[in-house]
Engineer: 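Dumping the structure here so I can ask a few things about it.
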Amino acid sequence: GLPTHQGFPLIGKQMRAGGGVISFELHGDMETAKRFMNSLGMCKVAVSMGDAQTLVQHPASMTHSAYTPEEQLEAGISPTLIRFSTGLEHIIDIKKDLSQALAQAEASMGGICLNNISVR
């Protein structure tokens with residue numbers, strides 16, 4: 001977890017380390033997010049976030065698709081929000097799949113989809 005997050009003090013009290021579920025937003029629009037999702041290979045697209053496999057979700061077109069765009073934004077769901085649950089695959093394989101999916105999404109929009117991310 002990030003030290004600046006309000007829930008950071010709970011790490012160590014409720015768990016040994018931060019969790020493997022993260023959310024991030026892509027630059028672009030709903031079509032950029034869909035292109036990213038459709039370009040994933042090893043990482044599985046799924047609404048569930050608990051599995052041994054790496055799972056990725058696009059809430060605007062999956063779990064919250066019945067909401068109006070206004071209701072989605074009110075619930076904190078942007079058109080480019082991606083939820084990502086890290087599985088047990090090797091980190092190099094996960095990074096390769098995410099990188100190639102980002103490259104395809106970026107190619108479709110002619111720009112950078114995601115800034116300032118570092119996976120260690």
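Residues take their numbers from the sequence shown, with the count starting at 1.
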Engineer: Between D29 and P79, is there a side-chain heavy-atom distance shorter than 4.5 Å?
Structural biologist: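 In short, these two side chains do not touch, never coming nearer than 4.5 Å.
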Engineer: Under a 4.5 Å side-chain heavy-atom rule over Ile, Leu, Val, Met, Phe, Trp and Tyr, are M62 and M30 clustered together?
Structural biologist: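 Result: no, two separate clusters.
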Engineer: Between F36 and L102, is there a side-chain heavy-atom distance shorter than 4.5 Å?
Structural biologist: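 Side chain of L102 against side chain of F36, heavy atoms only: contact under 4.5 Å found.
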Engineer: Heavy atoms only: give me the nearest L40-C43 pair and the separation to one decimal.
Structural biologist: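 Shortest heavy-atom contact: CB-O, 3.7 Å.
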Engineer: When you compare the side chain of M42 with that of I94, does any pair of heavy atoms fall below 4.5 Å?
Structural biologist: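 A side-chain contact exists here, since the closest heavy-atom pair is under 4.5 Å.
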Engineer: Would you please say whether a donor-acceptor pair under 3.5 Å links the side chains of T80 and E25?
Structural biologist: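 Distance-only check fails for T80 and E25.
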Engineer: Does any part of the side chain of Q72, heavy atoms only, come nearer than 4.5 Å to the side chain of T68, both counted from C-beta?
Structural biologist: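 Sidechains of Q72 and T68: no contact.
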Engineer: Measure from the side-chain N and O atoms of D97 to the backbone N and O of D93, and report whether any donor-acceptor pair falls under 3.5 Å.
Structural biologist: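 No; zero donor-acceptor contacts below 3.5 Å.
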Engineer: So do the side chains of P59 and R83 get within less than 4.5 Å of each other, counting heavy atoms only?
Structural biologist: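 With C-beta onward as the side chain, the pair touches.
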Engineer: List the atom of S23, the atom of L81, and the distance in Å for their closest heavy-atom pair.
Structural biologist: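 S23 and L81 have their closest heavy atoms at CB-CD1, 3.9 Å.
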Engineer: Check the hydrophobic clustering (I, L, V, M, F, W, Y; side-chain heavy atoms under 4.5 Å; chains of links allowed) and say if I77 and I82 are grouped together.
Structural biologist: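 No, no single cluster joins them.
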Engineer: Is it true that atom CZ of F84 has more than 12 heavy atoms of other residues, nucleotides or ligands lying nearer than 6.0 Å?
Structural biologist: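 Yes.
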Engineer: Going by side chain to side chain donor-acceptor pair (under 3.5 Å), name the residues that satisfy it together with S39, two or more places apart in sequence or in a different chain.
Structural biologist: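 Side chain to side chain donor-acceptor pair (under 3.5 Å) check on S39 returns Q104.
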Engineer: So which atom in S108 and which in A105 form the shortest heavy-atom distance, rounded to 0.1 Å?
Structural biologist: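 So the minimum-distance heavy-atom pair works out to OG-O, 2.7 Å.
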Engineer: Hey, does T54 have a side-chain heavy atom less than 4.5 Å from the side chain of K44?
Structural biologist: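 Not in contact.
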Engineer: So do T86 and V21 actually touch side chain to side chain, heavy atoms under 4.5 Å?
Structural biologist: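 Side-chain contact under 4.5 Å: no.
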Engineer: Could you measure the distance from the NZ atom of K95 to the CD atom of E89? Nearest 0.5 Å is fine.
Structural biologist: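 Nearest 0.5 Å value for the NZ-CD distance: 14.5 Å.
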Engineer: Is there a donor-acceptor contact under 3.5 Å from the side chain of Q57 to the main chain of V47?
Structural biologist: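 Yes, Q57 side chain to V47 backbone: donor-acceptor pair under 3.5 Å.
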Engineer: Do F24 and V56 share a hydrophobic cluster (ILVMFWY, side-chain heavy atoms under 4.5 Å, transitive)?
Structural biologist: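 The answer is yes; both residues are in one hydrophobic cluster.
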Engineer: Flag the pair H58 / V45 as yes when at least one side-chain heavy-atom distance between them is below 4.5 Å, and no otherwise.
Structural biologist: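 In short, these two side chains do not touch, never coming nearer than 4.5 Å.
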Engineer: What pair of heavy atoms forms the shortest contact from L55 to S48, and how long is it?
Structural biologist: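 Minimum heavy-atom separation between L55 and S48: CD1-O, 3.2 Å.
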